[in-house]
Amino acid sequence: MTNLYLQEIMSELKLAVTERNHPLKFCVLGSIGSDNSSQTRIIGLRKITNNLTLTFYTDERSNKVSQILKNPNVSLLFYHPEKKMQIKIDGKASIVKDQDLLKEKWLNINSESKKDYTTTKAPGSILENPSELTFLKEKNYFCIIEVKTKTVEYLKLRETSHFKVLFNKDINGWTSQFLVP
Ligand SMILES: Cc1cc2nc3c(=O)[nH]c(=O)nc-3n(C[C@H](O)[C@H](O)[C@H](O)COP(=O)(O)O)c2cc1C
């Protein structure tokens, strides 16, 4: 019976990749800082596979990349306001090294979006003035992050009683438990 919820999660997240303005297109990616502090930021979902590996694009110089390289444990938090549905995913992140894949995806990015990965200075660097922002022509820092899901927590807010279920992925597939919401 809980499979229905997993199917709903999967189909909504797949729609988020393809549909314009889908409420699950952007999520909060939580990682662990070098001082063990929690670090969060919004990020756009680019791809999701049937076994719940999620793909994101970023600049390889960004803080999240060095945090993931040091500690790959991450959380992803999505919220669908119309469905009153929260999805929290815990998993292990990795940085894609496959140069052919990076090249293929890079070629599919439009020229305006390419600027997100070609600033002369690294993301987070101090600028005396926003007009100082310049872009590299010959080099890019395009980077792909993949998150392999370990657990998915589904929360639905309802008029009568809220509802929460936790899915755990193991070698045999998914197990689930209902939780007090
Ligand atoms: C709506 C929205 C979408 C964003 N999408 C991305 C994204 O897909 N990739 C990304 O690296 N940063 C994205 N950002 C910027 C990040 O939130 C963040 O500011 C930036 O990546 C630097 O994060 P870091 O220093 O924690 O690594 C987005 C921000 C907003 C507000």
Side-chain angles (χ1 to χ4, degrees), residues 9-10 12-49 52-150 152:
I9 291 165
M10 182 65 78
E12 284 297 333
L13 289 175
K14 281 189 172 172
L15 283 178
V17 172
T18 53
E19 260 184 17
R20 220 177 152 74
N21 300 324
H22 191 284
L24 302 180
K25 172 70 191 173
F26 300 106
C27 65
V28 175
L29 164 67
S31 56
I32 298 163
S34 53
D35 56 355
N36 275 340
S37 58
S38 69
Q39 299 289 321
T40 55
R41 77 287 287 161
I42 306 280
I43 197 161
L45 177 64
R46 310 291 174 162
K47 187 183 157 196
I48 179 164
T49 65
L52 277 181
T53 295
L54 296 91
T55 299
F56 302 92
Y57 294 170
T58 195
D59 184 308
E60 73 176 65
R61 300 166 293 177
S62 65
N63 292 323
K64 66 182 92 48
V65 173
S66 50
Q67 288 158 10
I68 286 167
L69 288 171
K70 201 159 173 226
N71 186 335
N73 296 312
V74 296
S75 285
L76 301 166
L77 190 64
F78 297 86
Y79 182 59
H80 193 309
E82 292 103 70
K83 290 187 166 237
K84 294 192 167 44
M85 175 175 72
Q86 174 181 273
I87 302 167
K88 182 172 167 284
I89 292 177
D90 285 350
K92 274 212 185 306
S94 59
I95 307 301
V96 168
K97 297 269 180 276
D98 181 340
Q99 293 302 316
D100 291 339
L101 180 68
L102 286 161
K103 207 171 183 178
E104 180 199 322
K105 298 298 175 193
W106 175 251
L107 291 174
N108 282 322
I109 299 173
N110 69 48
S111 55
E112 197 50 39
S113 299
K114 278 186 167 142
K115 286 176 157 181
D116 294 345
Y117 316 102
T118 57
T119 52
T120 306
K121 287 184 169 179
S125 304
I126 292 171
L127 285 176
E128 293 305 325
N129 190 309
S131 64
E132 271 180 28
L133 191 62
T134 54
F135 300 92
L136 300 165
K137 291 218 164 37
E138 307 300 336
K139 184 168 171 56
N140 71 75
Y141 291 91
F142 176 60
C143 171
I144 301 178
I145 299 172
E146 279 180 358
V147 177
K148 283 191 169 44
T149 298
K150 289 192 289 186
V152 186

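One-based numbering, in listed order, for ligands and for the atoms of each. Positions are given from 1, in the same order as the sequence printed here. All of these numbers come straight from a predicted model, not from anything done at the bench.
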When you pair each N or O of ligand 1 with protein N or O atoms, which pairs come out under 3.5 Å?
unit_1	atom_1	unit_2	atom_2	d
ligand 1	8 (O)	Gly44	N	3.1
ligand 1	8 (O)	Arg46	NH2	3.2
ligand 1	9 (N)	Tyr57	O	2.8
ligand 1	11 (O)	Thr58	OG1	2.6
ligand 1	11 (O)	Lys64	NZ	3.3
ligand 1	14 (N)	Ile42	O	3.3
ligand 1	17 (O)	Ile42	N	3.4
ligand 1	17 (O)	Ile42	O	2.7
ligand 1	21 (O)	Lys64	NZ	2.7
ligand 1	23 (O)	Lys64	NZ	3.3
ligand 1	25 (O)	Asn63	ND2	3.2
ligand 1	26 (O)	Arg41	NE	2.8
ligand 1	26 (O)	Arg41	NH2	2.9
ligand 1	27 (O)	Asn63	N	3.2
ligand 1	27 (O)	Lys64	N	2.9
ligand 1	27 (O)	Lys64	NZ	2.9

Selection residues 61-118 - residue pairs positive for ring-ring contact (aromatic ring centres under 6.0 Å, His included), sequence neighbours left out: His22-His80, Trp106-Phe142, Tyr117-Phe142
Can you name the nearest heavy-atom pair linking Lys121 to Thr119, along with the distance? O-OG1, 2.7 Å
Against Val74, only a single residue in Ile68, Leu54, Ile32 fulfils side-chain contact (heavy atoms from CB on, under 4.5 Å); can you say which? Ile68
More than 12 foreign heavy atoms under 6.0 Å from NZ of Lys47: is that the case here? no
Can you check whether Thr134's main-chain N or O pairs, donor with acceptor, with Thr120's side chain at less than 3.5 Å? yes
Does any N or O in the side chain of Lys25 come within less than 3.5 Å of the main-chain N or O of Leu45, such that one atom is a donor and the other an acceptor? yes
